[in-house]
S.K.: 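I'd like to ask you about the structure that follows.
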Amino acid sequence: MAGPPRELRALRWLRWQAEAAHCVLTEDPGCAAWAGGKGSGKSVLVGALANLLAMTRPGAEILLGMSTYPMLRDIHVPIFVPLARSCGADWNIADREARYPNGSVVRLRHLETAGDPALGSSPIEGQNLHAVIADECQDIDPRYWTVLHERARVPVADVTGRLRAPVVITSGLPVSSWWCARTAQAGGRVWRPRTRDNVHNAADYEARLRASMTEERARAMLDGEELQPEGVVYRQFRPVDVSEGGSLIDWDPAPGECRYWLSGDLGYRWPAFVLWAEHVERAAWVAVDEWAPDNVDIAGISRDMLTRTCPRQVWRQGDPRRPVDLLITDPAGGARSAQTGQSDLDIWALKPPEGYGMRPRVETRPERRGVVEGIHRVQLALERRQLLVSANLYARGMSGDARARTLARSLLAYAWDPKRPQEPLKDGVNDHHVDGVRYLVRESPLWNLGDAAAAWGRAQLEAPTRKPLGGKGGW
């Protein structure tokens with residue numbers, strides 16, 4: 001598009017923009033979000049929706065926010081103000097707000113704050129709004145999610161007299177798209193527009209941008225994929241659907257449908273364990289569940305995991321829990337206490353509530369326990385789509401408490417140590433999840449890939465009887 005539109009009625013809607021606008025205006029989604037490429041029409045839609053909500057819902061108070069005042073001034077004032085004036089609104093430059101003939105008002109505000117915005121330090125504290133729209137969310141503190149929903153709390157009747165629920169709309173570039181994950185988790189709608197979807201751009205617009213970017217950056221800034229920060233270990237993890245060459249799959253297997261392995265790291269009372277399901281047709285392991293409680297011992301995390309899993313040897317048809325065929329953990333668990341004579345492996349094998357009821361498998365050969373070598377095996381498995389994450393688990397992992405340790409966040413954030421570039425950073429937050437992934441790949445024959453591996457997995461699944469793979473001990 002040569003420049004921002006001057007009149008709302010003259011706006012030439014892109015297909016995804018029209019779909020998103022129709023959803024927000026007619027379906028009461030509660031929240032809607034998009035993260036897409038540069039020039040894909042995100043900010044124009046934000047400006048248009050602010051005006052449409054004001055025009056169709058008389059008396060509505062609406063906030064359009066951005067991370068900083070300069071961004072608000074340079075991006076949204078040129079887009080929003082001409083559209084507002086075309087709707088008959090009076091623009092007050094001092095107050096940065098537009099007032100409409102029907103009593104609606106749209107306020108433009110920056111969201112900069114020095115503290116936690118959820119504790120009352122945000123510039124929009126105290127406002128009672130019908131709609132909150134936040135743009136360039138990649139630069140906004142994720143803790144604002146709570147603030148946005150607290151401020152959007154006033155229902156308003158539309159021009160037909162129908163009472164409309166408050167709505168939160170978030171937009172930005174696909175850099176750690178926390179707002180999209182939160183929206184999906186809350187049951188809202190999410191769009192991922194690409195630069196090429198905007199037919200109003202100049203013919204060479206995308207090509208010029210792509211020529212100035214690395215391939216990885218272009219996939220994010222033009223194609224709408226997630227951009228990972230520099231130094232990330234697992235760049236092969238791409239949080240898009242596997243049909244698009246990504247690492248996510250919409251698959252939720254039933255308890256008796258496949259084999260399940262549990263892998264994880266105790267992390268000095270900060271454990272992280274992931275449940276993996278064997279997808280025989282893809283010759284892949286798929287992460288389908290996880291546990292990462294804080295400050296618990298083996299008995300504590302065993303009780304958590306036994307609510308949704310159990311050892312295969314005690315599972316019976318009809319049990320809603322997923323049966324675990326193999327438990328894999330840190331080799332250090334084999335060390336014995338000088339006081340009790342017990343190792344972590346012995347405690348795992350105890351019956352609940354003292355243990356899990358299954359003795360873990362650990363790697364004892366030093367040549368197989370190298371961290372960097374294990375990372376390379378995981379990178380290969382991710383690249384070849386033999387390690388996947390269920391779309392549901394990824395969405396859960398990217399939403400919720402920003403401080404929670406999850407597999408999704410760990411795969412995206414696990415980084416090389418800047419002081420020792422050949423070693424990963426042990427930060428106590430992301431390393432426990434990914435250590436468990438290394439243990440899984442080290443034990444699995446599927447990292448070696450190919451038809452033989454798939455045939456092996458199929459034969460194991462179809463075997464008439466399968467003994468537990470957890471070694472000695474257990475029930």
S.K.: Apply the salt bridge (charged side-chain N to carboxylate O under 4.0 Å, His left out) test between Asp223 and each candidate in Arg196, Lys38, Arg194, Arg238; give the one that qualifies.
M.R.: Arg196
S.K.: Kindly say whether Tyr260 contributes a backbone atom to a donor-acceptor pair with the side chain of Asp325 at under 3.5 angstrom?
M.R.: yes
S.K.: So does Arg308 have more than 12 non-hydrogen atoms from other groups sitting under 6.0 Å from CZ?
M.R.: yes
S.K.: Quick one: closest heavy-atom pair of Arg303 and Thr307, and the distance?
M.R.: O-CG2, 3.4 Å
S.K.: Evaluate the side-chain contact (heavy atoms from CB on, under 4.5 Å) criterion for residues Tyr414 and Asp431: first the C-alpha distance (whole Å), next the side-chain angles of each, then the deciding distance (0.1 Å), finally the verdict.
M.R.: CA-CA 7 Å; Tyr414 190 50; Asp431 49 305; 3.9 Å; yes
S.K.: Does Thr56 offer a backbone N or O that forms a donor-acceptor pair with the side chain of Asp158 under 3.5 Å?
M.R.: no
S.K.: Would you check, one step at a time, whether the test side-chain contact (heavy atoms from CB on, under 4.5 Å) holds for Asp330 with Leu266?
M.R.: CA-CA 7 Å; Asp330 186 355; Leu266 281 175; 5.9 Å; no
S.K.: Between Asp204 and Arg210 (salt bridge meaning N to carboxylate O under 4.0 Å), is one present in this structure?
M.R.: no
S.K.: Parallel, tilted or perpendicular: which describes the rings of Trp251 and His279, with under 30° parallel and over 60° perpendicular?
M.R.: tilted
S.K.: What closest approach, in Å, do Ala299 and Pro353 show between heavy atoms, and which atom pair accounts for it?
M.R.: CB-O, 3.5 Å
S.K.: Does Thr170 reach the side chain of Tyr144, with side-chain heavy atoms less than 4.5 Å apart?
M.R.: no
S.K.: Taking the inter-plane angle between the rings of Phe237 and Tyr394 on a 0 to 90° scale, is it parallel (under 30°), tilted (30 to 60°) or perpendicular (over 60°)?
M.R.: tilted
S.K.: Could you verify whether a donor N or O on one side chain and an acceptor N or O on the other, from Glu278 and Trp285, lie under 3.5 Å apart?
M.R.: no
S.K.: Say whether, by atom type as modelled, one donor and one acceptor occur between the side chain of Asp28 and the main chain of Val24 under 3.5 angstrom.
M.R.: no
S.K.: Give a yes or no on this: more than 12 heavy atoms of other residues, nucleotides or ligands lie within 6.0 Å of atom CZ of Arg208.
M.R.: yes
S.K.: Is it true that Asp135 and Lys42 make a salt bridge, defined as a side-chain N closer than 4.0 Å to a carboxylate O?
M.R.: no
S.K.: Between the side chains of Asn392 and Ser390, does any donor sit under 3.5 Å from an acceptor?
M.R.: no
S.K.: In a check of side-chain hydrogen bond (donor to acceptor under 3.5 Å, both in side chains) between His433 and each of Arg409, Arg405, Glu290, which one passes?
M.R.: Glu290
